[in-house]
Amino acid sequence: MTEQQTTTATERATAWFGALEAALTAQDVAAAADLFATESYWRDLVAFSWNLVTVEHREGVSELLESTARATAARSFALSEEATEEDGVITAWFTFETAVGRGRGLARLVTEDGEDRAWTFLTTLYELKGHEEPRGEYRPKGAEHGVDPQRLSWKEKREAEDAAMGVSTQPYVLVVGGGQGGIALGARLRQLGVPSLVLDRNERPGDQWRQRYKSLCLHDPVWYDHLPYLKFPDNWPVFAPKDKIGDWLESYTKIMEVPYWGSTTVKSASYDEAKGEWTVEIDRDGQAMTLRPTQLVLATGMSGKPNVPTVPGQDIFRGEQHHSSQHTGPDRYTGKKVVVIGSNNSAFDICGALWEHGADVTMVQRSSTHIVKSASLMEIGLGDLYSERALAAGMTTEKADLVFASLPYRIMHEFQIPLYDKMKQVDADFYARLEAAGFDLDFGDDGSGLFLKYLRRGSGYYIDVGAAELVADGSVKLVKGQLDHLTEDAVVLADGTELEADLVVYATGYGSMNGWAADLISQEVADKVGKVWGLGSDTTKDPGPWEGEQRNMWKPTQQENLWFHGGNLHQSRHYSLYLALQLKARHVGLDTPVHALAPVHHLG
């Protein structure tokens with residue numbers, strides 16, 4: 001038997017980390033890089049790079065360490081649990097320290113040339129030394145024992161803080177957008193003691209959800225959707241209805257004491273490079289105000305601005321027409337003829353609800369769509385990480401988030417393709433019936449399915465919760481083609497097909513988030529930042545070159561002190577931590593040299 005066969009996975013992982021620490025301590029970049037496999041991927045979330053960055057192979061490891069190792073001063077690497085080995089891969093959970101913080105990570109080791117070497121390596125920063133969150137042993141006392149004639153109650157302190165904000169004090173961080181992303185970040189910043197303020201044009205937290213069409217529910221399961229600090233109770237619905245989510249966000253904002261101004265519209269923002277601060281003009285419930293934050297975060301939704309096509313005849317159409325984001329529900333359209341342009345999540349949800357209320361519904365499919373049945377996605381796609389089964393096996397939400405984060409985007413499709421191949425087999429009859437109805441299906445350019453489509457382009461898919469059956473059986477009529485123009489009472493496609501309509505719903509998706517930067521700041525700044533979202537995979541709607549991380553999300557951008565935050569509930573929860581730590585570090589004056597600030601390849 002070889003030495004590796006007689007030592008345990010834990011012993012081998014411990015030896016590997018000992019060698020890594022020795023190389024880092026000696027500033028021996030070559031020795032550290034040699035501990036990585038010929039094909040290897042190191043994903044760092046803030047700990048080494050003050051950025052979100054993935055480097056590839058030994059050359060990338062060397063480049064990262066040449067730039068960051070001395071300042072990072074990483075040490076005290078230790079396994080946080082016993083390592084395991086399966087199919088020749090050792091999985092090792094670990095913790096470590098840097099000069100300024102503490103981190104945790106996940107390594108996968110493989111044998112190459114008789115030596116254990118890292119194949120994938122995730123490092124994440126989770127707290128700053130001396131700036132720990134007030135939780136656990138650091139939690140606040142709440143009550144101040146003793147006597148003090150000048151004592152203020154907890155409530156009075158909060159009221160004084162609120163009254164001073166924007167008048168005698170300024171937020172260090174201004175978050176524009178008070179949906180789940182802005183609220184999650186606001187909660188993180190609150191716990192880190194960063195003076196911040198979340199703004200939203202709606203009156204109450206959660207109104208973004210309450211105002212959507214009434215049948216809207218989360219398509220992701222509850223285990224995937226927790227917010228930071230405060231998980232949903234264990235009797236929460238698997239797929240939460242929109243109004244329940246809206247109420248939860250409002251309650252969460254109050255419980256977590258997120259500084260939040262509703263009924264507030266940002267009119268403009270400009271950056272003073274000399275002062276290093278923003279000037280943000282707002283309208284707060286009819287009152288004009290000026291805020292001067294240092295950091296500006298646009299949390300206006302991953303999807304950005306609604307895409308509403310401009311076609312001839314929209315001005316003469318006598319019926320109603322609106323984007324799916326403005327669709328409130330089906331109640332007023334019983335017996336009406338409705339044409340829904342698009343075949344994505346919103347399109348299917350809206351078509352299904354309209355059909356249930358007796359509308360005559362036609363879906364216009366403009367391009368192929370990926371569809372996955374909800375039950376199959378939960379069991380095959382998410383079950384090992386986010387489910388009751390996963391919890392029973394010891395897979396906490398926090399651990400699941402790190403497992404998901406540890407899979408490099410470059411090779412994530414290799415893990416996803418077999419899952420979607422299995423779904424194709426399990427649901428073969430379902431897909432056959434859809435195709436027989438004329439529906440144009442796809443599983444992504446490379447067969448990798450939902451998650452990669454979402455990460456690459458954020459569009460082109462539907463998690464089927466029932467409405468696809470209406471297309472398959474013809475209850476919702478299906479027409480394929482491109483929108484050409486509108487007449488007074490019909491939608492006309494490019495091939496001449498006329499579809500009589502009382503209502504046209506444009507379920508036509510959203511543009512890049514830097515569209516909000518153009519509106520609120522300037523087109524110059526939007527172009528300086530470039531396209532937001534996507535990986536550079538050179539697949540449909542995700543042009544290359546390869547970038548390896550989500551463009552401009554949760555990390556420094558080419559515009560100083562401007563950040564973007566958003567995504568689904570999972571991403572809002574997980575990545576808000578890393579964005580909050582970057583902002584906290586700057587607030588307390590830590591040196592934050594950014595490694596590999598991403599260049600701009602696409603304007604929007």
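What you see below is based on every heavy atom in this structure, not just the backbone, and it leaves out hydrogens, waters and symmetry mates.
At a threshold of 4.5 Å between non-hydrogen side-chain atoms, the residues Y506 and L483 count as touching. The side-chain heavy atoms of L227 and W248, taken from C-beta on, include a pair separated by under 4.5 Å. Side-chain contact check for T328 versus Q211: every heavy-atom pair is 4.5 Å or farther apart. Using a 4.5 Å heavy-atom threshold, the side chains of I521 and W278 count as touching. In this structure the side chain of W546 never reaches within 4.5 angstrom of the side chain of T54, judged on heavy atoms. Within the 4.5 Å cutoff, side-chain heavy atoms of Y229 are placed close to those of R135. Within the 4.5 Å cutoff, side-chain heavy atoms of L455 are placed close to those of M412. Contact of the V280 side chain with the P293 side chain is registered, since non-hydrogen atoms from C-beta on lie closer than 4.5 Å.
A side-chain donor from one of D44 and T123 sits under 3.5 Å from a side-chain acceptor of the other. Side-chain N/O atoms of E398 and Y126 include no donor and acceptor closer than 3.5 Å. Side-chain contact annotation: T557 with N552, donor-acceptor N/O pair under 3.5 Å absent. Between the side chains of E320 and Y333, at least one donor N or O sits under 3.5 Å from an acceptor N or O. When only modelled atom types and interatomic distance are considered, T540 and D445 share a side-chain donor-acceptor pair under 3.5 Å. Between the side chains of W209 and Q180, at least one donor N or O sits under 3.5 Å from an acceptor N or O. Side-chain contact annotation: E133 with Y138, donor-acceptor N/O pair under 3.5 Å absent.
Pairs of residues two or more places apart, or lying in two chains, that qualify as salt bridge (charged side-chain N to carboxylate O under 4.0 Å, His left out) and include a residue from residues 557-576 are D401-R573. For residues 271-280, no pair satisfies salt bridge (charged side-chain N to carboxylate O under 4.0 Å, His left out), with sequence neighbours left out. Screening residues 182-200 for side chain to side chain donor-acceptor pair (under 3.5 Å), with sequence neighbours left out, gives E161-R190, R188-S576, D200-N202, D200-Q208. Here side chain to side chain donor-acceptor pair (under 3.5 Å) pairs that include residues 253-265, with residues two or more places apart or in two chains, are W154-E257. The salt bridge (charged side-chain N to carboxylate O under 4.0 Å, His left out) pairs that include a residue from residues 166-175 number zero, where partners must be two or more places apart or lie in different chains.
Atom CH2 of W563 sits about 10.5 Å away from atom CG of L185, to the nearest 0.5 Å. Taking OH of Y252 as the start and CD1 of I255 as the end, the distance is 9.5 Å to the nearest 0.5 Å.
A47 approaches T72 most closely through the heavy-atom pair O-CG2, 3.8 Å. For the pair L402 and L122, the tightest heavy-atom approach, listed with the atom from each and the gap, is O-CD2, 3.5 Å. Summarising the geometry of C217 relative to P241, their closest heavy-atom pair is SG-CA, 3.6 Å, with the distance given to 0.1 Å. The shortest non-hydrogen separation linking L192 to K584 is O-NZ, 2.7 Å. When all heavy atoms of M378 and P221 are compared, the pair lying nearest together is CE-CB, 4.1 Å. Counting all heavy atoms, side chain and backbone alike, Q571 lies closest to G566 at CB-O, 4.0 Å.
Within 6.0 Å of CZ on R201 lie no more than 12 heavy atoms contributed by other residues, nucleotides or ligands. Counting non-hydrogen atoms of neighbouring residues, nucleotides and ligands closer than 6.0 angstrom, the CD atom of E159 exceeds 12 such neighbours. The environment of K399 atom NZ is dense: over 12 non-hydrogen atoms of other residues, nucleotides or ligands sit within 6.0 angstrom.
Checked against salt bridge (Lys or Arg N to Asp or Glu O under 4.0 Å), K267 has no partners two or more places apart in sequence or in another chain. For the salt bridge (Lys or Arg N to Asp or Glu O under 4.0 Å) test, residues two or more places apart in sequence or in another chain that qualify with D207 are R210. Under the salt bridge (Lys or Arg N to Asp or Glu O under 4.0 Å) criterion, R139 pairs with no residue, sequence neighbours left out. For K555, there are no salt bridge (Lys or Arg N to Asp or Glu O under 4.0 Å) partners two or more places apart in sequence or in a different chain.
The aromatic rings of Y578 and H574 lie perpendicular to each other, with more than 60° between the two planes, well past the 30° mark. Using the six-membered ring where Trp is involved, Y386 and Y224 have ring planes that are perpendicular, over 60° apart on the 30 and 60° scheme. In this structure, H327 and H322 have tilted ring planes: the angle between them lies in the 30° to 60° band. Note on ring orientation: taking the six-membered ring where Trp is involved, the planes of H226 and F232 are tilted (angle from 30° to 60°).
Of the possible polar contacts, none joining the N514 side chain to the V532 backbone as a donor-acceptor pair under 3.5 Å is found. At distances below 3.5 Å, not a single donor-acceptor pair connects side-chain atoms of S522 with backbone N or O atoms of A518. Listed for the H323 side chain is a donor-acceptor partner under 3.5 Å among the backbone atoms of G509. Remark: the backbone N or O of V403 is paired with a side-chain donor or acceptor of S406 at under 3.5 angstrom. In this structure a side-chain-to-backbone donor-acceptor pair under 3.5 Å is missing from E547 to L535.
Relative to the six-membered ring of W236, K231 misses at least one condition, a distance below 6.0 Å or an angle of at most 45° to the axis.
Between D331 and K214 there is a salt bridge, since a side-chain N of the basic residue sits under 4.0 Å from a carboxylate O of the acidic one.
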Please output the side-chain donor-acceptor pairs of residues 585-604 that fall under 3.5 Å, not counting sequence neighbours, one pair per line with the distance.
{"unit_1": "R586", "atom_1": "NH1", "unit_2": "Q582", "atom_2": "O", "d": "3.1"}
{"unit_1": "H595", "atom_1": "ND1", "unit_2": "S67", "atom_2": "OG", "d": "3.1"}
{"unit_1": "H602", "atom_1": "NE2", "unit_2": "G544", "atom_2": "O", "d": "2.6"}

List, one per line, each side-chain donor-acceptor pair under 3.5 Å for residues 339-348, sequence neighbours excluded.
{"unit_1": "S343", "atom_1": "OG", "unit_2": "T369", "atom_2": "OG1", "d": "2.6"}
{"unit_1": "N344", "atom_1": "OD1", "unit_2": "S346", "atom_2": "N", "d": "3.3"}
{"unit_1": "N344", "atom_1": "OD1", "unit_2": "A347", "atom_2": "N", "d": "2.9"}
{"unit_1": "N344", "atom_1": "ND2", "unit_2": "A507", "atom_2": "O", "d": "3.2"}
{"unit_1": "N345", "atom_1": "OD1", "unit_2": "H219", "atom_2": "ND1", "d": "3.3"}
{"unit_1": "N345", "atom_1": "OD1", "unit_2": "I463", "atom_2": "N", "d": "2.9"}

Expected list for residues 284-291: side-chain donor-acceptor pairs under 3.5 angstrom, two or more places apart:
{"unit_1": "T290", "atom_1": "OG1", "unit_2": "E281", "atom_2": "OE1", "d": "2.7"}
{"unit_1": "T290", "atom_1": "OG1", "unit_2": "E281", "atom_2": "OE2", "d": "3.3"}

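Here the options are K531, R551, R456, the test is salt bridge (charged side-chain N to carboxylate O under 4.0 Å, His left out), and the partner is D542; only R551 passes.
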Go through it in stages, so that I can follow the logic: the residues are Y454 and H370, the test is ring pair (Phe, Tyr, Trp, His ring centres under 6.0 Å), and I'd like the CA-CA distance, side-chain angles, deciding distance and then a yes or no.
CA-CA 11 Å; Y454 172 72; H370 171 54; over 10 Å; no
